[in-house]
**Student:** 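Provided herewith is a single structure, encoded as structure tokens, for subsequent inquiry.
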Amino acid sequence: MTTHFTKLLVSLAMLMTPLMLQCSAENPQALMIMEATAMTQQTQCQLRADAPAQFIRPYGVLDLSLTNQYYLFPTVKNMMVELQTVIGEGPDSLITENHVLSIKAAEIRVDMGEFQPVSSDTNKVKQIATQYMFDGVRMVVPGSIEPGQITTLGLQVVRPELGNILQSKMENLVKKSGVKYPAVWIHAYVSVEAEAQNRTRVVSNTFAFPIMLCWGCLVQPFFSDTATQLPCYIGQDESIPCAMCQHHARFPEDCPVCYTGEEPRP
């Protein structure tokens with residue numbers, strides 16, 4: 001009886017922790033971003049928390065001639081064990097499972113690489129770039145994870161306001177360098193904030209994800225009579241048929257001439 005009463009007191013103390021000052025430091029031992037999941041037609045454009053290795057994306061590709069946005073799909077794991085494992089109480093007790101994490105938000109920062117703002121940029125460009133590179137942007141993310149389980153989130157790590165800046169800089173690079181398909185790397189840094197049932201704040205590790213920026217690299221140069229499914233997100237990671245470029249590109253005038261195989265390739 002004494003042992004049971006002691007365990008009950010411990011559990012009640014855990015439920016009262018919202019009244020105490022909480023530490024907001026990273027705690028990957030409790031919440032860990034594991035990897036980035038690929039969303040493709042093979043997954044019916046749906047998130048899969050249990051994605052096999054072939055659906056793990058080591059880096060992203062963003063074709064700025066097609067879109068000004070990029071979505072990242074990180075897999076997040078609740079590293080904590082069930083409370084009953086710690087205190088020995090089973091599901092029949094009145095003790096609440098505290099280790100279910102409610103996801104609240106994601107913090108996103110972007111290293112713009114060689115596209116960092118320069119002195120000739122406008123104050124608006126510098127302001128947006130500074131926010132992404134140093135202050136970070138916050139995105140509300142709904143979801144929950146039970147102890148020991150994983151979930152996959154959808155995060156817009158490059159929003160149109162940043163994408164428009166990157167597009168302008170890439171377009172200038174194409175004109176100045178004369179390179180037809182240039183490539184510039186940026187890096188997105190993401191951390192996830194969650195809350196335990198006793199309202200303890202938990203912050204994940206910082207997950208780094210490289211993204212290659214290009215201009216026209218995700219447009220297939222060959223014309224095909226075969227019907228092809230479009231990517232889940234046009235301009236991101238997977239290519240589109242040459243014939244579809246005029247219908248989906250933000251800059252249709254930059255779409256390549258479709259090569260049929262009968263004439264010399266330009």
Side-chain angles (χ1 to χ4, degrees), residues 26-64 66-81 100-113 132 136-137 139-159 162-163 166 181 183-194 202-214 217-220 228-241:
E26 286 189 3
N27 189 4
Q29 291 79 17
L31 185 64
M32 174 71 76
I33 301 179
M34 310 293 291
E35 59 220 356
T37 303
M39 183 184 287
T40 69
Q41 287 290 347
Q42 292 175 285
T43 63
Q44 287 78 50
C45 293
Q46 297 179 355
L47 296 178
R48 292 184 54 177
D50 58 342
Q54 63 265 33
F55 296 125
I56 302 304
R57 200 174 293 286
Y59 66 91
V61 179
L62 173 57
D63 189 336
L64 293 167
L66 297 176
T67 185
N68 57 1
Q69 305 176 67
Y70 189 90
Y71 288 86
L72 177 66
F73 305 98
T75 297
V76 185
K77 182 173 183 179
N78 183 347
M79 304 295 288
M80 295 190 293
V81 298
V100 176
L101 295 178
S102 298
I103 299 175
K104 298 299 182 182
E107 191 79 16
I108 302 167
R109 288 181 173 82
V110 179
D111 180 351
M112 298 172 62
Y132 274 89
V137 293
M139 179 177 179
V140 175
V141 185
S144 62
I145 322 177
E146 295 185 2
Q149 300 302 307
I150 60 176
T151 190
T152 302
L153 307 176
L155 305 178
Q156 189 184 34
V157 294
V158 175
R159 298 178 181 179
L162 177 62
L166 298 174
Y181 300 112
V184 174
W185 288 91
I186 63 173
H187 293 82
Y189 296 90
V190 175
S191 61
V192 175
E193 177 188 330
V202 177
V203 180
S204 75
N205 59 312
T206 299
F207 180 73
F209 185 74
I211 302 173
M212 187 187 77
L213 307 179
C214 68
C217 69
L218 291 183
V219 180
Q220 301 169 8
T228 305
Q229 287 184 315
L230 292 174
C232 303
Y233 292 87
I234 293 175
Q236 173 176 325
D237 299 322
E238 297 179 301
S239 62
I240 64 171

**Student:** Which of parallel (below 30°), tilted (30 to 60°) and perpendicular (above 60°) describes F73 and Y233?
**Tutor:**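 Geometry flag for Y233 against F73: tilted rings.
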**Student:** Can you tell me how far CZ of F55 sits from OG1 of T40, rounded to the nearest 0.5 angstrom?
**Tutor:** 5.0 Å
**Student:** Would you give the length of the straight line joining atom SG of C217 to atom CG of L66, rounded to the nearest 0.5 angstrom?
**Tutor:**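 Output value for this atom pair is 8.5 Å.
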**Student:** For a side chain to side chain contact (heavy atoms under 4.5 Å, CB included) check, start with the C-alpha distance between L162 and M112, then their side-chain angles and the critical distance, and finish with the verdict.
**Tutor:** CA-CA 10 Å; L162 177 62; M112 298 172 62; 4.0 Å; yes
**Student:** Distance check, rounded to the nearest 0.5 Å: L230 atom CG versus S239 atom OG?
**Tutor:**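 Between atom CG of L230 and atom OG of S239 there are 10.0 Å.
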**Student:** I'd like to know if the side chain of N205 and the backbone of I33 have a donor-acceptor N/O pair within less than 3.5 Å.
**Tutor:** yes
**Student:** Could you give the distance from CG (L101) to CE (M79), rounded to the nearest 0.5 Å?
**Tutor:**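 L101 atom CG to M79 atom CE measures 11.5 Å (nearest 0.5 Å).
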**Student:** By side-chain contact (heavy atoms from CB on, under 4.5 Å), which residues pair with S144, not counting sequence neighbours?
**Tutor:** none
**Student:** Not counting sequence neighbours, which residues clear side-chain hydrogen bond (donor to acceptor under 3.5 Å, both in side chains) with D63? List them please.
**Tutor:** S65
**Student:** Quick one: are Y70 and D237 in side-chain contact, heavy atoms under 4.5 Å?
**Tutor:**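 Yes, their side chains come closer than 4.5 Å.
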**Student:** E35 and T75: side chain to side chain contact (heavy atoms under 4.5 Å, CB included), yes or no, with the steps?
**Tutor:** CA-CA 5 Å; E35 59 220 356; T75 297; 4.1 Å; yes
**Student:** Taking L72 as the fixed residue, which of T37, I108, V157 is the one that meets the side chain to side chain contact (heavy atoms under 4.5 Å, CB included) rule?
**Tutor:** V157
**Student:** My understanding is that only residues two or more places apart in sequence, or in another chain, count here; which of them pass side-chain hydrogen bond (donor to acceptor under 3.5 Å, both in side chains) with Y71?
**Tutor:**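 Testing Y71 for side-chain hydrogen bond (donor to acceptor under 3.5 Å, both in side chains), a comparison that skips the adjacent residues, returns Q69, Q156.
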**Student:** Please round to the nearest 0.5 Å and tell me the distance separating atom CG of L62 and atom CD of Q236.
**Tutor:** 7.5 Å
**Student:** Hey, what do you get for CG (L218) to CD1 (I234), rounding to the nearest 0.5 Å?
**Tutor:** 11.0 Å
**Student:** Run L166 and N68 through side chain to side chain contact (heavy atoms under 4.5 Å, CB included) and show every step you take.
**Tutor:** CA-CA 8 Å; L166 298 174; N68 57 1; over 6 Å; no
**Student:** Does the pair V190 and L153 meet the rule for a side chain to side chain contact (heavy atoms under 4.5 Å, CB included), with working shown?
**Tutor:** CA-CA 11 Å; V190 175; L153 307 176; over 6 Å; no
